[in-house]
**Student:** 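Supplied in structure tokens, the structure appears directly below.
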Amino acid sequence: MTLPPLTAYVHYPWCVRKCPYCDFNSHPLRDDSNYVAYTDALIADASLAAASTTIRPLRSIFFGGGTPSLCPPEQVQRLLAALEGLFGFDPAIEITLEANPGTVDETHFRGFRQAGVNRLSLGVQSFDDGMLAKLGRIHDGTRARTAIAAARKAGFDNLNIDLMHGLPGQTAAGAQQDIEQALEFNPEHLSWYELTLEPQTEFARHPPQLPDEDTLHAIDRTGSRLLREHGFRNYEISAWAQPHRRAQHNLNYWRYGDFIGLGAGAHAKTTTIDGAVRRQVRQRAPGRYLATAGSADSLTRDQTLSADDRIAEFLLNTLRLHEGFSPSQFRQRTGLELQRIASGIAEATGLGLLTQTPERLRPTAQGRRHLNRLLTCFAQV
């Protein structure tokens, strides 16, 4: 069996302040947040993962959070050296670090670049000071612009800018201004996604007034046109890239590849040599993770997926992509024949949500806009 590519996700659970829309496993930074001890735990965790995974060179590594840019660059370098020793690195490995514009300067960026990080993802969200205040961000528009310029000076030539739209009180003109300001820096990639009110967040408990549907449609229409005019291609629902600059780490998720997950609350998905798909989840609380990393007690979930689960996960990911998936990819990633989902394909194509050729199945524009409806076509397969 040909195993999927293998990547690594590393989670840092701390941030300066929890944003009201955030449902990630993040916690306000405390005086006892020890990055040396946390790196030790990550290295022990990586050793545990290596012992239970069919080793392949890592294609990409993604440092997410929380706010990974709070971690000293020398600790990032120490972890990368351990990962290379355990797994090996693909010659073209992509190593991404998320950064909050309010926590970094050019010196930090140079340190991360020297540590081996070669792609930066900046959580700008907006350049509008009023919008940033509503989102609870610790930076303003000026700080965002300064951080982007500093990243370029530090040598980052593969830059993603995170932008949100559909913000409280936002107009289509305001959303367009955010994109225009981002484009001034010629980023290689833009993650442009709509604000949603996630359960268990401050915004869910106290919902802000969001734009109506007409405004959201206008934002999507004008923003998409502007990005296309500047050479960006929308290869996934919320991801826009210049040619040959798609995010390889995220593509591996969406193509249902394998990934190890390191850090508090991190998830992993790996495939065994006989085709079984395994899911693991680490301890969520930072203190508990630090106490158990490297042992079986660090896992709160260790499960082999059923055939139905493999199908559901595969479709949830691949149908986000404009490219969709091929029949051979379905067989390789799930271990099943395409006939298993024939009734769902027939329903989705009949509704105009999916197109099928012998080579590939792709969501239509309508299918991408109504992904949940498309997925329900496969709920009973």
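These numbers were taken from a predicted model, which means no experiment stands behind them.
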**Student:** Between R340 and D308, does any side-chain N to carboxylate O distance fall below 4.0 Å?
**Tutor:**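 D308 and R340: salt-bridged.
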
**Student:** Of all residues at least two apart in sequence or in a different chain, which pass the side-chain contact (heavy atoms from CB on, under 4.5 Å) check with A150?
**Tutor:**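 So A150 forms a side-chain contact (heavy atoms from CB on, under 4.5 Å) with E106, F109.
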
**Student:** Considering all heavy atoms of both residues, which atom of C71 and which atom of V76 are nearest to each other, and what is their separation?
**Tutor:**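 Shortest heavy-atom separation between C71 and V76 comes out as SG-CG2, 4.1 Å.
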
**Student:** Please determine which of L163, D162, N160, L132 meets the side-chain contact (heavy atoms from CB on, under 4.5 Å) test together with V124.
**Tutor:**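 For V124, the side-chain contact (heavy atoms from CB on, under 4.5 Å) check succeeds only for L163.
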
**Student:** Determine whether L97 and L190 fall in the same hydrophobic cluster, where Ile, Leu, Val, Met, Phe, Trp and Tyr are linked whenever their side-chain heavy atoms lie under 4.5 Å apart.
**Tutor:**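 Yes, it is one cluster - the side chains of L97 and L190 are joined through contacts under 4.5 Å.
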
**Student:** Is any side-chain heavy atom of E180 closer than 4.5 Å to one of L226?
**Tutor:**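 In contact.
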
**Student:** Using the side-chain hydrogen bond (donor to acceptor under 3.5 Å, both in side chains) definition, which of the options E236, R362, R368 pairs with H322?
**Tutor:**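 That would be R368; it is the only one of E236, R362, R368 passing the side-chain hydrogen bond (donor to acceptor under 3.5 Å, both in side chains) with H322.
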
**Student:** Check the pair R373 / T376 against side-chain hydrogen bond (donor to acceptor under 3.5 Å, both in side chains), numbers first and verdict last.
**Tutor:** CA-CA 5 Å; R373 177 66 187 92; T376 61; 2.7 Å; yes

**Student:** For residues 202-210, please give each side-chain donor-acceptor pair under 3.5 Å, one per line with the distance, not counting sequence neighbours.
**Tutor:**
{"residue": "E202", "atom": "OE1", "partner": "R205", "partner atom": "NH2", "Å": "3.3"}

**Student:** Who are the ring-ring contact (aromatic ring centres under 6.0 Å, His included) partners of F330, not counting sequence neighbours?
**Tutor:**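 F330: ring-ring contact (aromatic ring centres under 6.0 Å, His included) contacts with F314.
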
**Student:** Please report the interatomic distance OG1(T96) to CG(N250), rounded to the nearest 0.5 Å.
**Tutor:**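 Here the interatomic distance stands at 8.0 Å.
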
**Student:** When rounded to the nearest 0.5 angstrom, what is the spacing between CD in Q170 and NE2 in H165?
**Tutor:**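 Reported value, rounded in 0.5 Å steps: 8.5 Å.
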
**Student:** Which pair of heavy atoms, one from S69 and one from V104, lies closest together, and at what distance?
**Tutor:**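 Scanning both residues completely, I find the closest heavy atoms to be CB-CG1, 3.4 Å.
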
**Student:** Do D220 and W192 have side-chain heavy atoms sitting under 4.5 Å apart?
**Tutor:**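 D220 reaches W192 side chain to side chain.
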
**Student:** Using every non-hydrogen atom in the two residues, find where G136 and R17 come nearest and quote the distance to one decimal.
**Tutor:**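 In this case the closest contact between G136 and R17 is O-NH2, 3.0 Å.
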
**Student:** Assert yes or no for the condition that the ring centre distance of Y235 to H189 is strictly below 6.0 Å.
**Tutor:**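 Yes; H189 has its ring centre under 6.0 Å from that of Y235.
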
**Student:** Would you find a donor on one side and an acceptor on the other, under 3.5 Å apart, between the side chain of S224 and the backbone of R221?
**Tutor:**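 Answer holds: no.
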
**Student:** Taking atom types as modelled and ignoring hydrogens, do the side chains of Q248 and R59 form a donor-acceptor contact shorter than 3.5 angstrom?
**Tutor:**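 Their side chains do not contain a donor-acceptor pair, so the 3.5 Å distance test is not met.
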
**Student:** Could you walk me through whether L361 and L338 pass the side chain to side chain contact (heavy atoms under 4.5 Å, CB included) test, one step at a time?
**Tutor:** CA-CA 11 Å; L361 294 91; L338 193 65; 4.1 Å; yes

**Student:** Are F112 and F156 close enough that their ring centers fall under 6.0 Å?
**Tutor:**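 Ring centres of F156 and F112 not closer than 6.0 Å.
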
**Student:** Donor-acceptor check, side chain of R310 to backbone of T334, threshold 3.5 angstrom: yes or no?
**Tutor:**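 Yes: the side chain of R310 pairs with the backbone of T334.
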
**Student:** So that I can tick it off, tell me whether E313 and K269 are bridged by a salt bridge, with the cut-off set at under 4.0 angstrom between side-chain N and carboxylate O.
**Tutor:**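 No.
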
**Student:** Drop me the distance from I61's CD1 to I93's CD1, to the nearest 0.5 angstrom.
**Tutor:**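 Going from CD1 on I61 over to CD1 on I93, the span is 4.0 Å.
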
**Student:** Measure up the H249 and Y9 rings against each other and bin them: parallel (under 30°), tilted (30 to 60°), perpendicular (over 60°).
**Tutor:**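 Geometry flag for Y9 against H249: tilted rings.
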
**Student:** In Å, rounded to the nearest 0.5 Å, how long is the span from OG1 of T103 to NE2 of H108?
**Tutor:**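 Going from OG1 on T103 over to NE2 on H108, the span is 7.5 Å.
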
**Student:** Look at the side-chain heavy atoms of Ile, Leu, Val, Met, Phe, Trp and Tyr, link any pair under 4.5 Å apart, and say whether V281 and L6 land in one connected group.
**Tutor:**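 No: no chain of side-chain contacts under 4.5 Å links V281 to L6.
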
**Student:** Using the side chain to side chain contact (heavy atoms under 4.5 Å, CB included) rule, take N317 and R255 through it: C-alpha gap first, then chi angles, then the decisive distance, then the call.
**Tutor:** CA-CA 7 Å; N317 284 281; R255 290 170 173 167; over 6 Å; no

**Student:** With a 3.5 Å cut-off and no angle check, do the side chains of D128 and S126 form a donor-acceptor pair?
**Tutor:**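 No pair is found: no donor N or O on one side chain lies under 3.5 Å from an acceptor on the other.
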
**Student:** Is a side-chain donor or acceptor of R110 paired with a backbone partner of K153 at a separation under 3.5 angstrom?
**Tutor:**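 Looks like yes, one N/O pair under 3.5 Å.
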
**Student:** Restricting to non-hydrogen atoms, name the atom on I95 and the atom on F89 that form the minimum distance, rounded to 0.1 Å.
**Tutor:**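 Scanning both residues completely, I find the closest heavy atoms to be CD1-CE1, 4.3 Å.
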
**Student:** Taking CD in Q200 as the centre, count heavy atoms belonging to other residues, nucleotides or ligands within less than 6.0 Å. Is the count above 12?
**Tutor:**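 Open.
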
**Student:** Between E84 and L58, is any pair of side-chain heavy atoms under 4.5 Å apart?
**Tutor:**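 They are not in contact (no side-chain heavy atoms under 4.5 Å apart), so the answer is no.
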
**Student:** About how many Å separate CG of L315 and CZ of F325, when rounded to the nearest 0.5 Å?
**Tutor:**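 Answer for the CZ-CG pair, F325 versus L315, is 5.5 Å.
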
**Student:** Verify whether one side chain among E198 and T196 offers a donor that lies under 3.5 Å from an acceptor in the other.
**Tutor:**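 Result is yes, a qualifying pair exists.
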
**Student:** Going through the checks in order, is the side chain to side chain contact (heavy atoms under 4.5 Å, CB included) test met by T272 and T304?
**Tutor:** CA-CA 10 Å; T272 64; T304 298; over 6 Å; no

**Student:** Quick one: which of Y38, W14, Y12 gives a ring pair (Phe, Tyr, Trp, His ring centres under 6.0 Å) with Y289?
**Tutor:**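 It is Y38, the one option of Y38, W14, Y12 that forms the ring pair (Phe, Tyr, Trp, His ring centres under 6.0 Å) with Y289.
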
**Student:** Would you call R56-D258 a salt bridge at under 4.0 Å N-O?
**Tutor:**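 Result for this pair is yes, salt bridge flagged.
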
**Student:** Counting N and O atoms only, with roles assigned by atom type, does the side chain of H11 sit under 3.5 Å from a partner on the main chain of N25, one being a donor and the other an acceptor?
**Tutor:**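 Checked: pair present.
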
**Student:** Can you hop from Y193 to L251 via hydrophobic side chains spaced under 4.5 Å?
**Tutor:**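 Not linked; separate clusters.
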
**Student:** Can you list the steps and then say if R119 with E188 is a salt bridge (Lys or Arg N to Asp or Glu O under 4.0 Å)?
**Tutor:** CA-CA 10 Å; R119 183 175 182 272; E188 286 70 35; over 6 Å; no

**Student:** Any side-chain heavy atom of F127 within less than 4.5 Å of one from Q177?
**Tutor:**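 They are not in side-chain contact.
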
**Student:** Tell me, with the steps shown, if D40 and R78 meet salt bridge (Lys or Arg N to Asp or Glu O under 4.0 Å).
**Tutor:** CA-CA 9 Å; D40 290 341; R78 190 158 70 92; 2.9 Å; yes

**Student:** With rounding to the nearest 0.5 angstrom, report the CG to OG1 distance, L3 to T270.
**Tutor:**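 It is 9.5 Å, given to the nearest 0.5 Å.
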
**Student:** Quick one, N118 and R113 - any side-chain contact, counting heavy atoms below 4.5 Å?
**Tutor:**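 When only atoms from C-beta onward are counted, R113 and N118 do touch, with a gap below 4.5 Å.
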
**Student:** Consider only side-chain heavy atoms of I, L, V, M, F, W and Y, link residues closer than 4.5 Å, and tell whether L79 and L120 are in one cluster.
**Tutor:**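 The answer is yes; both residues are in one hydrophobic cluster.
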
**Student:** Would you find a donor on one side and an acceptor on the other, under 3.5 Å apart, between the side chain of Q283 and the backbone of D297?
**Tutor:**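 Looks like yes, one N/O pair under 3.5 Å.
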
**Student:** Distance-only, no hydrogens or angles: does the R360 side chain make a donor-acceptor pair with backbone N or O of E323 under 3.5 Å?
**Tutor:**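 Present.
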
**Student:** Do the non-hydrogen side-chain atoms of Q77 and P73 ever get within less than 4.5 Å of each other?
**Tutor:**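 No - every pair of side-chain heavy atoms lies 4.5 Å or more apart.
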
**Student:** So does R143 pair up with D129, basic N to acidic O under 4.0 Å?
**Tutor:**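 Salt bridge between R143 and D129, a charged N being under 4.0 Å from a carboxylate O: no.
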
**Student:** Are L195 and P168 side-chain neighbours, meaning at least one heavy-atom pair lies under 4.5 Å?
**Tutor:**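 Heavy-atom side-chain distance check passes, below 4.5 Å.
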
**Student:** Using a 4.5 Å cut-off on heavy atoms from C-beta on, say whether the side chain of F232 contacts that of P187.
**Tutor:**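 Counting from C-beta outward, P187 and F232 do come under 4.5 Å.
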
**Student:** Please tell me whether Y256 and I311 are part of a single hydrophobic cluster in this structure, the criterion being side-chain heavy atoms less than 4.5 Å apart.
**Tutor:**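 Yes, Y256 and I311 fall within the same hydrophobic cluster.
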
**Student:** Would you confirm whether R137, through its side chain, and G123, through its main-chain N or O, come within 3.5 Å as a donor-acceptor pair?
**Tutor:**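 Judged by distance alone, yes, a pair lies under 3.5 Å.
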
**Student:** Check the pair F63 / L80 against side chain to side chain contact (heavy atoms under 4.5 Å, CB included), numbers first and verdict last.
**Tutor:** CA-CA 11 Å; F63 293 93; L80 287 174; 3.8 Å; yes

**Student:** Taking all non-hydrogen atoms of both residues, which atom of G261 and which atom of A268 are closest, and how far apart?
**Tutor:**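 Heavy atoms of G261 and A268 come nearest at N-CB, 3.5 Å.
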
